[in-house]
Number of protein chains: 2
Amino acid sequence: MSVTIKDIAQICKVSEGTVDRALNDRPGISKKTKEYILKVAKELNYTPNHLARGLAKGRSMTLGVILFDVRNPYFAKLMNAIEVKAREIGYVVFPIFTHHDPQNERKALEHFKTRQVDGIIMFSVQSGHEFEKELLDLKIPIVTIGNRISGGWTYVGINERESMKDAVKHVISQGYEEIIYICPPLTRRGEVNLYTLEERLAGCREGLSEMGKKEPLVIMDSDYIKAISQIDLESQPKKAIVCPADIYALEVLNHFKKNKIRVPEQVGLMGFDDIDTLKYISPRLCSVRYPVSEIGITAVNRLLEEIDGNHNKHLNVLLLQHQIVTGESL
Amino acid sequence: MSVTIKDIAQICKVSEGTVDRALNDRPGISKKTKEYILKVAKELNYTPNHLARGLAKGRSMTLGVILFDVRNPYFAKLMNAIEVKAREIGYVVFPIFTHHDPQNERKALEHFKTRQVDGIIMFSVQSGHEFEKELLDLKIPIVTIGNRISGGWTYVGINERESMKDAVKHVISQGYEEIIYICPPLTRRGEVNLYTLEERLAGCREGLSEMGKKEPLVIMDSDYIKAISQIDLESQPKKAIVCPADIYALEVLNHFKKNKIRVPEQVGLMGFDDIDTLKYISPRLCSVRYPVSEIGITAVNRLLEEIDGNHNKHLNVLLLQHQIVTGESL
DNA sequence: CTGAAAGCGCTAACAC
DNA sequence: GTGTTAGCGCTTTCAG
């Protein structure tokens, strides 16, 4: 077995309490005995047992993280920022990837409960009253990112609606008159949490309305490529395709390339997220950039404040700035 | 506080031991009391405390995972596979991203030790005797992936040397006579674990030698783009650039696009890893594909066998198949 | 089949 | 300053 506090206590002929005081430099111990204990501890290659400590203190120094899928570069960036920041302040993270499955999310929360995590950062799949009750029952501080749940939980992100509104206005300012909006997940309305996507769609509508343009054509088919190919994109007035995520825009772009449809000459294209991959792709996609890593870091910082109970309860929506990235696709 | 076994015991008027028997369906309990206890437990919304259980059983049901950086799509895929597989069998993972920093790796191992992880999957930054001694001192089963350490630890991956040899032979078979090999991390020789990259380079050399071609020109500058731009790529004989990672090849491709150097007409290009991103990029990069997710899954499975002590000690190198992906860049 | 009690390694409150 | 002791919640062994 590993060497424990008790072992050290025996060797140093002091009590476990004294060893504890030395190891965690708590007051009430003479410099001499402290140094001696530390020396012996080092010699024995002592390492504390975090399970025992967590049990005794009621704090596991662990954060749960719920995300959709790290293979999505956006989530990878978030995951990286969260892990690095958390570790910087002595925490370690348990990530669980739900892959958009509510069942996975439920199990993840249960895992976190039994594992005694001190807090949770969650990009949630679910929403609704029942879900909120579940979350409350956990009695664990939760910070939400991306998909908002309700005013009951802190939300860190961007102003989704405004950012898409700005994006659409930018598209219009480039001379486009009609917008085709692609968002397949919307077919799961009522089934999963679509806060982010609904907000973006609303922003698109608002932007168009404010610019005096007609409603967007919204495509929610999972096979949106097929849906697009049935539209006469070159008919007047000038059309642009707007996607609330770069990954859809890239699929569309691939389709266009394959069919020799030139962007932006024949049709405009706008993405969202400004994922790092874009730098390798031409034409450079217009997109919306926002500080993903900062969202992760902010979420961790806020979660810690909530764990320690010293947070501002009235300020629980933390929004960061977005920015339109002009490219060659409009 | 949360409801505990003790609470249930009091309410059911039985001992804690009996409750434990019911909850973990251990033998030696009557059907009746068991059902009663389970009913009460459900009513009270009891959730076990994993810290306490881990402490008592000496098993945390947790795996440590050490990777370079999830923002690299290759690691993201690996991370995803590991997390999903681990959870499937009741484990949860602690990932730590080293960003190629030995210091981070050292701290990660310490974290894992104090956190009592049952096993570790590691893509290591370090190597050497001293490091091996450190690993042995941990007394925790470790499975290595990517960068091999030594015969002392299980290695899951591909035959790095053969795969690059095959890649190079493919390049030559396409009519190229000279190879420019790009591998910036090699400048850190002696400082970090470069097993994978050294093997690939050796494979490149072997392949060329077997095909009767001359040695490759190896570029290790961190600013390899500048180095390339100083080479006359179009001089005879026909040249191809080979990269042991797609991410370098993409940077090179970007440079070529910017400078109107056509691939493959003016120069050939070959990558490695076949990252998902490639599907969006033209020309389609030739690359080497291997089952990344399977590597993760295999590593988890093997690690579990090692934890349970029922593994084949004589078979500790697990190699999966690679495959050349032909594209438009040669 | 059930209960009692010791122990996992560490913390914290209270004596001395 | 230092020692003692009672937990934290769960498992496990030994009686009965």
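Every chain is numbered from 1, with letters handed out A, B, ... down the list of sequences.
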If I take atom [atom1] in residue [X] and atom [atom2] in nucleotide [N], what distance separates them, rounded to the nearest angstrom?
X      : N       : atom1 : atom2 : answer
M61(B) : dT11(D) : CE    : P     : 12 Å
K6(B)  : dA6(D)  : NZ    : P     : 13 Å
N24(B) : dG9(D)  : CG    : C1'   : 12 Å
D25(A) : dT11(C) : CG    : C1'   : 15 Å
D7(A)  : dG9(C)  : CG    : C1'   : 10 Å
N49(A) : dC8(D)  : CG    : C1'   : 13 Å
I5(B)  : dT11(D) : CD1   : C1'   : 8 Å

Quiz item: Does CD belonging to E110(B) count more than 12 external heavy atoms closer than 6.0 Å?
Solution: no
Quiz prompt | Neighbour count above 12 (heavy atom, 6.0 Å) for E191(B) CD | solution = yes
Quiz item: Are H99(A) and N80(B) linked by a side-chain donor-acceptor pair shorter than 3.5 Å?
Solution: yes
Quiz prompt | DNA chain D contacts made by residues 50-60 of chain A, counting heavy atoms under 4.0 Å | solution = L55(A), A56(A)
Practice problem: Using the ring-ring contact (aromatic ring centres under 6.0 Å, His included) rule, collect all pairs that involve residues 47-88 of chain A, keeping only residues at least two apart or in two chains. | Solution: F68(A)-F75(A), F68(A)-H100(A), F68(A)-F123(A), F75(A)-F123(A)
Exercise. Name the nucleic acid region contacted by D20(B), choosing base, sugar-phosphate or nothing; use a 4.0 angstrom heavy-atom cut-off, strictly under.
Key: base
Side-chain atoms of residues 124-133 of chain A: list all donor-acceptor pairs with protein atoms under 3.5 Å, sequence neighbours left out, distances to 0.1 Å.
residue : atom : partner : partner atom : Å
S124(A) : OG   : Q126(A) : O            : 3.0
S124(A) : OG   : N193(A) : ND2          : 2.9
Q126(A) : OE1  : R106(A) : NE           : 3.4
Q126(A) : NE2  : E105(A) : OE1          : 2.9

Quiz item: With a 4.0 Å cut-off, would you call E306(B) and R302(B) a salt bridge?
Solution: yes
Self-check item: Selection residues 79-96 of chain A - residue pairs positive for salt bridge (charged side-chain N to carboxylate O under 4.0 Å, His left out), sequence neighbours left out
Solution: E83(A)-R87(A), K85(A)-E88(A)
Self-check item: Residue pairs, two or more places apart or on separate chains, that pass salt bridge (charged side-chain N to carboxylate O under 4.0 Å, His left out) and touch residues 91-104 of chain B
Solution: none
Can you name the atoms? Protein N/O to nucleotides 1-3 of chain D N/O, anything below 3.5 Å, with the distance.
residue : atom : partner : partner atom : Å
dT2(D)  : OP2  : S30(A)  : N            : 2.8
dT2(D)  : OP2  : S30(A)  : OG           : 3.4
dT2(D)  : OP2  : T33(A)  : OG1          : 2.8
dG3(D)  : OP2  : S15(A)  : N            : 2.8
dG3(D)  : OP2  : S15(A)  : OG           : 3.3
dG3(D)  : OP2  : T18(A)  : OG1          : 2.8
dG3(D)  : N7   : R21(A)  : NH2          : 2.7
dG3(D)  : O6   : R21(A)  : NH1          : 3.3
dG3(D)  : O6   : R21(A)  : NH2          : 3.3

Quiz item: Is D118(B) reaching over with its side chain to a backbone N or O of M61(B), donor-acceptor style, under 3.5 angstrom?
Solution: yes
